[in-house]
Amino acid sequence: MIDYNTLTVPEATIIQKELKDSVKITPYNGPLNYVAGADISFNKFSTTVYAGIVMLEFPSLKPVGYSLVKKEVLFPYVPGFLAFREVPALLDAWAQLPVKPDILVVDGHGIAHPRRMGIASHFGVLTQQPSIGSAKKKLFGVYEEPGIEKGSYTPLTDKQGLQLGNVLRSKSKVAPIFVSPGHLIDIPGSTAVLMQCIKGYRLPEPTRLAHNAVNQFRTNIISEGWTSL
DNA sequence: GCGACAG
DNA sequence: ATCTTGTCGC
């Protein structure tokens, strides 16, 4: 496998264009008993990243365990190339899972990306697993502000009108989240699954719990490895 | 040239 | 992303 730490942005762009052909946006008809959330945490100015994947039971959304891994990363954060910075560590956390989830929710975008290769799509293709991107801010596309009530959403499209995802009001009166399919699932399915992952907070449980876990890991409250709850 | 810009 | 206290609205 290619070492992302030694890549230049132009080289990374070529890789995204190649991986793009492998992304499959299609309805997900498999089982849905487990979902997982992936996220990264790090100390400002440090090259050490703390990656984590939390497994949850679906539809109860009760966490059943988490995989935590620490890794050195040299690739900088560049808008549009987040995957090259976070995917390596997430792959380690993924490999450490005793059982894989049916669908993985990644903190970041899926196909709502300049080259349709956001981190959720990138990770989904490399692992050949259904994935959904859930981002807190827009990276690419245009949209109309959704209604202020929880549950309302509007399409996120490119300038030609092609839909890439949805802008979802996950909680009344708070900023919406951006949902887009990563791999092996479509836009309606991604939106439906994410809506079922909302439990009173702005962020869906998978990534919300993953975010909490990696932060506790970074601050030495919990340790590396796989832990069953 | 100017504005936008996931985490 | 991370660093932070108080403050506003439901």
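A quick note: this is a predicted structure, and the numbers were derived from the prediction, not measured. In what follows, chains carry the letters A, B, and so on, assigned in the order in which the sequence lines appear, proteins first and then strands, with residues in each chain numbered from 1.
Ranking B:dG7, C:dA1, B:dC5 by closeness to the A:Lys138 side chain, first place goes to B:dC5.
Separating the OH atom of A:Tyr77 from the C1' atom of B:dA4 is a distance of 11 Å, rounded to the nearest angstrom. In this structure, the NZ atom of A:Lys159 is 10 Å from the C1' atom of B:dG3, given to the nearest Å. Remark: C1' of B:dG7 and CZ of A:Phe75 are 13 Å apart, rounded to the nearest angstrom. Straight-line distance from the CZ atom of A:Phe217 to the P atom of C:dT2: 14 Å, rounded to whole Å. Going from atom CD1 of A:Ile119 over to atom C1' of C:dA1 covers 13 Å, rounded to whole Å. The separation between A:Leu168 atom CG and B:dA6 atom P is 19 Å, rounded to whole Å. In this structure, A:Ile132 places its CD1 atom 17 Å from C1' of B:dA6, rounding to the nearest Å. Going from atom NE2 of A:His109 over to atom C1' of B:dA4 covers 12 Å, rounded to whole Å.
Taking a centre distance below 5.5 Å and an interplanar angle below 30 degrees as the stacking criterion, A:Phe42 does not stack against the six-membered base ring of C:dA1.
In this model, the phosphate group of C:dA1 is not approached by any side-chain N or O of A:Asn215 to a distance below 4.0 Å at OP1 or OP2. Between A:Ser41 and C:dT2 there is a side-chain N or O to OP1 or OP2 distance below 4.0 Å. The shortest distance between the side-chain N/O atoms of A:Lys137 and the OP1/OP2 oxygens of C:dA1 is not below 4.0 Å. Contact check, A:Arg218 against C:dC3: a side-chain N or O comes under 4.0 Å of OP1 or OP2.
Here A:Phe178 lies out of heavy-atom contact (under 4.0 Å) with every strand. Base contact: A:Leu82 has a heavy atom under 4.0 Å from a base atom. Using a 4.0 Å heavy-atom distance criterion, A:Gly80 is classed as a base contact.
Classification of the A:Phe75-A:Phe81 ring pair by plane angle, with boundaries at 30° and 60°, yields tilted. Below 30°, between 30° and 60°, or above 60°: for A:Phe84 and A:His122 the angle between ring planes is above 60°, a perpendicular geometry.
Judged by the 6.0 Å and 45° rule, A:Arg115 forms no cation-pi pair with A:Phe140.
Side-chain contact check for A:Leu203 versus A:His211: every heavy-atom pair is 4.5 Å or farther apart.
Nearer the 5' end of DNA chain C, as judged by each residue's closest nucleotide, is the contact made by A:His211, out of A:His211 and A:Lys173.
Atom CG of A:Asn166 is separated from atom CD of A:Gln163 by 5.0 Å, given to the nearest 0.5 angstrom.
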